[in-house]
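Position 1 is the first residue of the sequence, and the numbers go up from there. The shown structure was predicted, so the numbers you read here are calculated from the model rather than taken from an experiment. Ligands are counted one by one from 1 in listed order, and the atoms in each one are counted from 1 as well. For the numbers below, each heavy atom of this structure counts, side chains included, while hydrogens, waters and symmetry mates do not.
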Amino acid sequence: MSSALLVIDVQNDFCPGGALAVADGDSIVPIINAMMPEFDSIIYTQDWHPADHSSFAANHDGATPFSVTEMPYGPQVLWPTHCAQGTVGAAFHDELDLKGDLIIRKGFRTDIDSYSAFFENDHETATGLTGYLRTRGIGSVTLAGLALDFCVAYSAVDAAREGFRVTVMSEACRAIDLDGSLTKAMDDMAAAGVTIL
Ligand SMILES: [Zn+2]
């Protein structure tokens with residue numbers, strides 16, 4: 001059974017100095033680079049929003065970043081403007097090794113956010129990653145990246161639901177921890193059968 005490393009959103013805007021910086025986010029880059037030789041496939045996700053994206057607080061009158069709004073698909077945190085398509089903030093961290101085989105861009109539809117590498121936040125709109133992994137004969141996936149309690153956790157839970165054996169390498173992740181989101185994410189991953197190392 002082949003294995004894949006999923007490198008989640010290691011982009012400038014999620015690193016110190018970025019628009020939605022995760023504390024210490026850049027410290028995981030050398031750890032992730034060192035993990036790469038162990039895997040048959042290396043896949044990256046890249047948060048990739050149009051300027052008018054509905055997850056940006058700036059696109060909702062009077063909304064403040066990190067508040068929560070109700071979308072047709074459920075509650076949605078409103079974020080500072082981040083990872084706008086083609087910007088330096090949306091680029092991968094300079095030191096991330098990019099010799100892997102696939103980049104999945106997500107969050108490119110204006111009306112819906114996408115934390116998971118597998119499904120957008122309606123949990124129905126697929127990114128196609130499941131099909132890629134299956135046709136490559138990949139049965140186990142290991143996740144690393146940013147942020148542990150949002151995009152990494154959503155991706156890990158979806159990977160488990162899609163029938164993959166899933167491991168999250170916690171030392172190669174960093175969290176935002178917004179209103180208890182880290183505890184909830186760890187509980188959700190454990191309940192889904194994700195192994196957290
Ligand atoms: Zn985003």
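Both Leu143 and Phe119 are members of a single hydrophobic cluster when ILVMFWY side chains are connected at heavy-atom separations under 4.5 Å.
Of all N, O or S atoms in Asp47, the one lying closest to the Zn ion (ligand 1) is OD2. The Zn ion (ligand 1) lies closest to atom NE2 when only the N/O/S atoms of His82 are considered.
A heavy-atom distance below 4.5 Å is not found between the side chains of His60 and Ser67.
Between Asp179 and Lys184 there is no salt bridge, since no side-chain nitrogen of the basic residue lies less than 4.0 Å from a carboxylate oxygen of the acidic one.
Look at Cys151 and the Zn ion (ligand 1): no N/O/S atom of the residue is under 2.8 Å from the metal.
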Take Tyr73 and Asp111 through the test side-chain contact (heavy atoms from CB on, under 4.5 Å) and record every step on the way to the result.
CA-CA 10 Å; Tyr73 54 81; Asp111 296 332; over 6 Å; no

